[in-house]
Amino acid sequence: MWSEADAICLGVDRGDRVVAAAFRRADPTGLVELGRRPLASGEVAAWVGRRESEAHAAGRHIRWVWSSTATWYPRLLDAGVRVERCTDLRLCRAILSSALDDALPPLPVWDAPHEEPAPAALFDVVPDGAARAEEIDETAAEYARQERVAVSSGLRLLLAAESAGSLAAAEMTSAGLPWNRGGHEQILVSELGERTAAGRPRLIEERAREVRAALDDETASLDSQPKLLRALHRAGVAAESTSKWELAEHDHPAIAPLLDYKRMMRLYTANGWGWLDEWVVDGRFRPTYVVGGVVTGRWASSGGGALQIPRLLRPAVRADPGWAIVDADVAQLEPRVLAAMAHDRAMAAAAAGRDLYDGVVSAGVAATRSEAKYAVLGALYGSTTGDAARLMPRLRRAFPRAVGLTDDAALAGERGERVSTMLGRTSPAPGPRWEAMQQRANASAADERSARSAARERGRFTRNFVVQGTAAEWALAWMADLRTRLAAFPPSEVPAPRSGPAFARRPHLAFFLHDEVIVHAPADQAEAAAEAVRESAARAGRLLFGEFPIDFPLDIRIGPSAAE
DNA sequence: CGGCGCGGCGCG
DNA sequence: AAAGCGCGCCGCGCCG
């Protein structure tokens, strides 16, 4: 039975025992259940690992179907078991309910996000009702419902990519990003000074004293926005806010040390010694990724600020002895995605080669690279003022299809319509408050202005949604292909001492940030891993855009650390 | 005391 | 100069 299964559902029975159900996908009849088997406590991970290796040896793949990867997979990884494919029913349901609005009945069990790892007990000792994974019957039924409604090839690809992403996310948390505490501390000390016994680091205290002296106000509060603003006003600085952009425009001796103070405080509070103590354990930073956490399909993160690590700290990302960091990011991902999805050959030609913005300059749209960049970003974000807006007519003449696509998405959003990405992830419908505001538009001039402003705001969102969301799909496809390629590498002689057992001997994904991946690789396999990164990027481009001539050039750095 | 909104700023 | 999209986290200050 198990050797014929294409998919195996995992759920629990009434006694919180794990149950596996085997399925086969037969074309005319759909999904056929082949049978079930309860798994004894403590045997789950080993049993899954055995099915996975048998399938692998037979040249087949099993799709593991479960309520949520975040619930089930960490325990398997803890036990050293990696799986190749899965279906994350919660993530897939979120996509399907939005895309096919009445196709799936609302079911609270499946609609609520649930991101807690399963209790360890589920995988060893059966507790008294402590485990809360989903019932096997409910899991199997939901799987069948989703299989029935997900018929378009784009959506099926998206569901597979989203689920593969959920595996990659759990694997990256398990493997961890190699993080050198000493290197991080060195950066902190050189930027902030040594930690003092009583309170903040030396240079922060020093800078605070300079600011207060320049303001001639020994008690000025620098950390409270309203108090600081009043102190600035008393000193003759007529700033309306304390943001660094505005402060930089004022001329006063307190400004320079104040900006430096703010910069240092940011580093100290967000990524200082406290962050190190909390988030770097045993030489690894293990962030929690929230797959599909952004409506566009981008990932979010929770805890540790994984997606906001300052560039300044990149040198602290350091490979284990005998290993290397392969750090790859895509140059101008979003405009390339736009050119391809709009089938804009002129823009694709400008994108050919390394730098898209240089290409836009060559196309005669802008005089300088930075001007070109702001013009293109203006099309993606919906600039209405400044240089970007001024350049828009020329950009539209040069790249009518690309700019037309973003304009159409904006107009659809302004009308209250929904838009969708290349593979079919749909933007949320406007809320009742937005609709009501549009209804009120002719009540008064003020109502009309606010309706118009809300409509424009939504237009900017939908404009960006189609591009940001499709770029997220490209990145998922890139990562999904890459994790499979890396898993096929031969095991290395040199283990990475602190990576989870499933990854300690092969190059593996260690970090992901929208358009960047970091691979931790045995040093002698680093070049081959970098080549895999390139091949996967090319493959992702073909998967989404077929033979349309668009390339996705990568900046790849190989070295002992992720320093620039 | 904890929860929440805000200003501010890090990342893409 | 910052703008126009998407996030998470910090400290502050207010509220219950």
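Every chain is numbered from 1 and lettered A, B, ... according to where its sequence line falls, protein lines coming before strand lines. Every heavy atom of this structure was used, including side-chain atoms; hydrogens, water molecules and symmetry mates were not.
Note on A:Leu333: nothing from the nucleic acid sits closer than 4.0 angstrom, heavy atoms only. Residue A:Thr384 is classed as having no contact, given no heavy-atom separation below 4.0 Å to the nucleic acid.
At most 12 non-hydrogen atoms from other residues, nucleotides or ligands lie less than 6.0 angstrom from CD of A:Glu240. Open room surrounds CD on A:Gln186; 12 or fewer heavy atoms of other groups in view lie less than 6.0 Å from it. Heavy atoms of other residues, nucleotides or ligands lying less than 6.0 angstrom from NZ of A:Lys262 number more than 12.
Counting only N and O atoms by type, the side chains of A:Ser536 and A:Arg485 include a donor and acceptor under 3.5 Å apart. Using modelled atom types, one finds no donor on one side chain facing an acceptor on the other under 3.5 Å when comparing A:Tyr268 with A:Glu191.
In this structure, NZ of A:Lys373 is placed 16 Å from P of C:dA2, rounded to the nearest angstrom. Rounded to an integer number of Å, the gap from CZ of A:Phe512 to P of B:dC11 is 17 Å. For A:Trp275 and B:dC11, the CH2 to C1' distance is 13 Å, given to the nearest whole Å. In this structure, the CE atom of A:Met264 is 16 Å from the C1' atom of B:dC9, given to the nearest Å. Between A:Asn464 atom CG and C:dC7 atom C1' the separation is 12 Å, expressed in whole Å.
Of the residues in residues 228-241 of chain A, A:Ser241 come within less than 4.0 Å of DNA chain B through at least one heavy atom, sorted by number.
Side-chain atoms of A:Thr426 never come within 3.5 Å of backbone atoms of A:Val419 as a donor-acceptor pair (strictly under, hydrogens ignored). Without hydrogens or angle criteria, A:Arg418 side chain to A:Ser427 main chain gives a donor-acceptor distance under 3.5 Å.
Nucleotide B:dG12 is matched to C:dC5 when pairs are restricted to Watson-Crick or G-U wobble geometry with both distances under 3.5 angstrom. Under the Watson-Crick or G-U wobble criterion, with both distances below 3.5 Å, C:dG16 is paired with B:dC1.
At a cut-off of 3.5 angstrom, the base of C:dG4 holds no donor-acceptor pair with the side chain of A:Arg463.
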Item to check | Under 4.0 Å protein heavy-atom contacts per nucleotide of nucleotides 10-16 of chain C, with B for base, S for backbone only and - for none | outcome: SSSS---

